[in-house]
Amino acid sequence: MRLTKHHGLGNDFLVLADPSGIRPLTEALARDVCDRRRGIGADGLLYLGPGRAGAQLSMVLLNADGGRAEMSGNGIACLVQAAVQAGLVAPPVVTVATDAGRRSVTIAAADEPRSHTATVAMGAVALGEEDEPEWMADGVARAVRADVGNPHLVLLAADPGLVGDRGWVSALGRAAEAAVAGGINVELISPADDGGIVMDVWERGVGLTDACGTGATAAAAAAHRWGLAGREVPVRMHGGPVVIDLGPDEATL
């Protein structure tokens with residue numbers, strides 16, 4: 001078995017390329033290879049399969065705990081990078097069938113060796129109609145659910161200093177994931193001086209990660225609703241910055 005390792009802002013994945021669609025993918029395999037002490041180590045295992053539903057490629061993501069996730073912004077960029085490097089597709093635009101629907105990735109070689117820049121069409125962001133009052137306590141000023149093809153809970157920190165306190169974020173994320181059937185991704189945000197936001201993220205089935213593309217997209221949409229940001233939202237995460245463009249029909253990462 002051949003796996004390749006990729007990361008987007010420190011959000012890391014192992015990619016299993018199987019263009020013929022014959023390689024089995026199991027929860028046990030994901031847990032074994034993603035284990036950072038007994039395996040290779042990663043936030044998730046990406047299966048790069050043959051195209052379907054009019055897309056050039058297909059993607060299945062199993063998180064580090066073996067659970068299946070619908071979509072990942074950094075993950076899909078890593079999968080497309082793996083496909084380009086293997087000669088399975090050609091840039092600049094690559095389409096991928098995911099559990100959240102068809103997505104497109106625009107990819108180009110970067111100056112640094114073995115690196116690429118990628119822009120991901122993330123689809124529409126669906127925000128809950130109202131705040132989630134059960135989470136608006138203990139340092140949380142606002143809370144809303146968001147759907148970016150996968151589920152998110154975006155929390156506005158009452159004290160900006162809480163963003164960056166990874167122990168506090170871990171406890172909050174663990175509690176929220178356990179309380180929601182099927183689990184949920186949790187983003188804690190605060191406004192930044194540049195009109196964007198800073199963000200910490202707890203990913204369902206993984207734990208604290210350095211970055212999350214769908215989480216950044218959900219957080220940007222929530223920040224825009226709350227009047228903290230415009231439609232072009234810089235998001236600073238532990239692993240680095242991204243800019244989310246909240247277009248009228250879909251967001252891009």
Side-chain angles (χ1 to χ4, degrees), residues 1-49 57-86 88 96 98-100 112-116 118 150-152 164-188 199-216 237-240:
M1 180 181 294
R2 178 180 171 86
L3 302 170
T4 57
K5 182 81 177 280
H6 308 255
H7 81 90
L9 300 179
N11 191 195
D12 61 342
F13 300 90
L14 291 161
V15 178
L16 172 59
D18 183 23
S20 299
I22 59 174
R23 177 77 69 176
L25 184 69
T26 66
E27 294 182 8
L29 174 64
R31 289 193 296 268
D32 288 346
V33 298
C34 291
D35 190 305
R36 296 192 183 276
R37 292 177 176 82
R38 299 176 178 86
I40 301 169
D43 292 330
L45 174 63
L46 292 165
Y47 174 81
L48 194 175
L57 306 170
S58 60
M59 178 180 89
V60 175
L61 168 58
L62 298 186
N63 285 326
D65 70 347
R68 186 159 172 161
E70 302 87 349
M71 174 59 185
S72 168
N74 287 324
I76 197 172
C78 289
L79 180 121
V80 168
Q81 182 189 52
V84 168
Q85 290 175 330
L88 300 176
V96 183
T98 78
D99 286 355
E112 188 176 343
R114 302 188 308 279
S115 297
H116 290 78
N150 59 351
H152 293 265
D165 183 341
R166 306 205 95 194
W168 193 83
V169 174
S170 293
L172 189 64
R174 190 176 291 109
E177 183 176 1
V180 176
I184 198 165
N185 302 286
V186 181
E187 291 78 38
L188 181 69
M199 180 185 107
D200 259 330
V201 59
W202 173 276
E203 291 200 59
R204 173 186 57 168
V206 185
L208 280 176
T209 59
D210 283 352
C212 177
T214 56
M237 296 172 282
H238 190 74

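Reckoned from all heavy atoms, side chains included, excluding hydrogens, waters and symmetry mates.
- Taken from CG in L16 to CG in D18, the straight-line distance is 6.0 Å, to the nearest 0.5 Å.
- Using a 4.5 Å heavy-atom threshold, the side chains of V201 and E203 count as touching.
- Considering only heavy atoms from C-beta on, F13 stays 4.5 Å or farther from L79 through its side chain.
- The main-chain N or O of A42 is never found under 3.5 Å from a side-chain atom of K5 such that the two would form a donor-acceptor pair.
- The minimum heavy-atom distance between L46 and G75, with the atom names listed, is CD1-O, 3.2 Å.
- Contact check for R68 versus V60: side-chain heavy atoms found under the 4.5 Å cut-off.
- The distance from the CG atom of L3 to the CG atom of L45 is 6.5 Å, given to the nearest 0.5 Å.
- Atom CG of L62 and atom CD of E27 lie 7.0 Å apart (nearest 0.5 Å).
- Counting heavy atoms from C-beta on, the side chains of V84 and H116 come closer than 4.5 Å.
- Two residues are said to be in side-chain contact when any heavy atoms from C-beta on lie closer than 4.5 Å; L25 and R23 fail this criterion.
- Minimum interatomic distance between T4 and A82 (heavy atoms only, all atoms of both residues): OG1-CB, 4.1 Å.
- Scanning both residues, A211 and G8, for their nearest heavy atoms gives CB-O, 4.1 Å.
- One N or O on the side chain of E177 and one on the backbone of G205 form a donor-acceptor pair closer than 3.5 Å.
- In this structure, L188 and D165 have side chains that are not in contact, with every pair of non-hydrogen atoms separated by 4.5 Å or more.
- In this structure, R166 CZ and D200 CG are separated by 5.0 Å, a value rounded to the nearest 0.5 Å.
- Nearest approach of N63 to R204, heavy atoms of both residues: ND2-O, 2.9 Å.
- Across every non-hydrogen atom of L29 and T26, the tightest pair is N-OG1, 3.0 Å.
- The closest side-chain heavy-atom distance from R36 to D12 is below 4.5 Å.
- Of the inter-residue distances, the one linking H7 atom NE2 with Q81 atom CD reads 8.5 Å to the nearest 0.5 angstrom.
- Partner of N11 under the side-chain hydrogen bond (donor to acceptor under 3.5 Å, both in side chains) criterion, out of T209, D210, D43: D43 alone.
- To the nearest 0.5 Å, the span separating CG on N150 from OG on S72 amounts to 8.0 Å.
- Across all non-hydrogen atoms, the minimal contact from R114 to Q85 is O-NE2, 3.9 Å.
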